[in-house]
Amino acid sequence: LIYELVPEFGEKAVRPLLKLLLEEELYLVATGAYLLGQLKASEAVFPLILLLRDKRDKVRVSACAALGQIGDSVATPFLIEALSDSFPPVRRRAALALGRLQSKQAIGPLIETMKDSNYSIAYSASRALASIGGTELVDTLISILPESSGIFRYHIIGTLGEIKQDKALDKLISLLDSSSPLERAFVAEALGNYRGNWRVANSLKKNLNDTSPLVRTMVKEALISLR
């Protein structure tokens, strides 16, 4: 019931919800953080930042999520710090929150987070970077591609696909000639984001007869996505 009533009360609900952040009961703190995030209550930013140091893992997760919803750039350096949290869900939520804040200050730390051994965290960092976007990010990702490897490299490729800039597109098309079948498959998947782009379609069609069954499958799926 509280979830339904709070939006109706709007700003009048902020002060009672701030008090919930001081409770010992985990559920009450998490509920307060969630609803303050939904209300985008700027008054909650600093109390939520303090909760990023709370000893309870789930409280830190809730604080990251709420700060992302509120979207105040003041939280950026604290969310960047949370990318190193010992509890994986905190790192994931911090990455997603930074994507919502779209701060260029977070680009470097999020690129490092794409190296996280936890796939969900690395993927969340990739999506966050795509939300930030921009020429500066594209240039940075392209510059580190030659020295990247493994899943980190594939996350870079996926991010370039999500950003959908001409320079990113040029790089992805060139990678269709990669000697690695797995890389070509990831590139095909990334190119599937460029809906309605005839240049992408023509480039993918050249790989319809790829020697790798996986690549052929991903190319076909990408061509379907382009429609």
Going by heavy atoms in the side chains, are [X] and [Y] under 4.5 Å from each other?
{"X": "Asn197", "Y": "Leu169", "value": "yes"}
{"X": "Lys206", "Y": "Leu176", "value": "no"}
{"X": "Lys171", "Y": "Leu145", "value": "yes"}
{"X": "Leu110", "Y": "Ile132", "value": "yes"}
{"X": "Leu21", "Y": "Leu28", "value": "no"}
{"X": "Val29", "Y": "Asp54", "value": "no"}
{"X": "Leu129", "Y": "Glu162", "value": "no"}
{"X": "Leu52", "Y": "Glu81", "value": "no"}

Kindly work out whether a path of hydrophobic side-chain contacts (I/L/V/M/F/W/Y, heavy atoms less than 4.5 Å apart) joins [X] to [Y].
{"X": "Val90", "Y": "Tyr119", "value": "no"}
{"X": "Leu208", "Y": "Leu214", "value": "yes"}
{"X": "Ile70", "Y": "Leu39", "value": "yes"}
{"X": "Val61", "Y": "Leu26", "value": "no"}
{"X": "Leu182", "Y": "Ile156", "value": "yes"}

Heavy-atom neighbours of [X] [atom1] exceed 12 at 6.0 Å:
{"X": "Phe46", "atom1": "CZ", "value": "no"}
{"X": "Lys167", "atom1": "NZ", "value": "no"}
{"X": "Tyr123", "atom1": "OH", "value": "no"}
{"X": "Asn202", "atom1": "CG", "value": "yes"}

Nearest-0.5 Å distance that lies between atom [atom1] in [X] and atom [atom2] in [Y]:
{"X": "Asp139", "Y": "Ile144", "atom1": "CG", "atom2": "CD1", "value": "11.5 Å"}
{"X": "Leu137", "Y": "Leu141", "atom1": "CG", "atom2": "CG", "value": "4.5 Å"}
{"X": "Arg100", "Y": "Asp72", "atom1": "CZ", "atom2": "CG", "value": "14.5 Å"}
{"X": "Leu83", "Y": "Ile121", "atom1": "CG", "atom2": "CD1", "value": "9.5 Å"}
{"X": "Ser126", "Y": "Met114", "atom1": "OG", "atom2": "CE", "value": "6.0 Å"}
{"X": "Leu96", "Y": "Gln69", "atom1": "CG", "atom2": "CD", "value": "10.5 Å"}

Over all heavy atoms of both residues, which pair between [X] and [Y] is shortest? Give the atoms and the distance, please.
{"X": "Ala201", "Y": "Leu223", "answer": "O-CD2, 3.7 Å"}
{"X": "Ile163", "Y": "Ala130", "answer": "CG1-CA, 4.0 Å"}
{"X": "Gln165", "Y": "Val138", "answer": "OE1-CG2, 3.6 Å"}
{"X": "Ala168", "Y": "Tyr194", "answer": "CB-OH, 3.8 Å"}
{"X": "Ala33", "Y": "Leu48", "answer": "CB-CD2, 3.9 Å"}
{"X": "Leu204", "Y": "Ala222", "answer": "CD1-CB, 3.8 Å"}

Backbone N/O of [Y] and side chain of [X]: donor-acceptor pair under 3.5 Å:
{"X": "Ser131", "Y": "Arg127", "answer": "yes"}
{"X": "Arg93", "Y": "Cys64", "answer": "no"}
{"X": "Lys40", "Y": "Gly71", "answer": "no"}

Checklist outcome for this item: Residue pairs passing the side-chain hydrogen bond (donor to acceptor under 3.5 Å, both in side chains) test with at least one member in residues 218-227, sequence neighbours excluded, are none
Item to check | Contact list for residues 143-156, test side-chain hydrogen bond (donor to acceptor under 3.5 Å, both in side chains), sequence neighbours left out | outcome: Ser148-Arg153, Arg153-Glu183
Checklist entry - Charged N to carboxylate O under 4.0 angstrom, Asp57 versus Arg60? => result yes
Checklist entry - Quick one: do Arg199 and Asp170 make a salt bridge, cutoff under 4.0 Å? => result yes
Next on the checklist: For a side-chain contact (heavy atoms from CB on, under 4.5 Å) check, start with the C-alpha distance between Thr76 and Leu79, then their side-chain angles and the critical distance, and finish with the verdict.
Outcome noted: CA-CA 5 Å; Thr76 298; Leu79 288 168; 5.9 Å; no
Checklist entry - Listed by chain and number, what are the side chain to side chain contact (heavy atoms under 4.5 Å, CB included) partners of Pro181, not counting sequence neighbours? => result Arg184, Ser212, Val215
Item to check | For Arg91, the option from Asn118, Asp116, Thr113 that meets side chain to side chain donor-acceptor pair (under 3.5 Å) | outcome: Asp116
Item to check | Within 45° cone and under 6.0 Å: Lys115 NZ/CZ vs Phe152 ring | outcome: yes
Next on the checklist: Walk me through whether Leu172 and Val200 qualify under side-chain contact (heavy atoms from CB on, under 4.5 Å).
Outcome noted: CA-CA 10 Å; Leu172 290 172; Val200 172; over 6 Å; no
Next on the checklist: As a quick check of understanding, evaluate side-chain contact (heavy atoms from CB on, under 4.5 Å) for Ile157 and Leu160, giving each step before the final call.
Outcome noted: CA-CA 5 Å; Ile157 290 170; Leu160 289 172; 5.5 Å; no
Item to check | Arg216/Val219 under side-chain contact (heavy atoms from CB on, under 4.5 Å): CA gap, chis, key distance, verdict | outcome: CA-CA 5 Å; Arg216 294 197 298 271; Val219 166; 5.7 Å; no
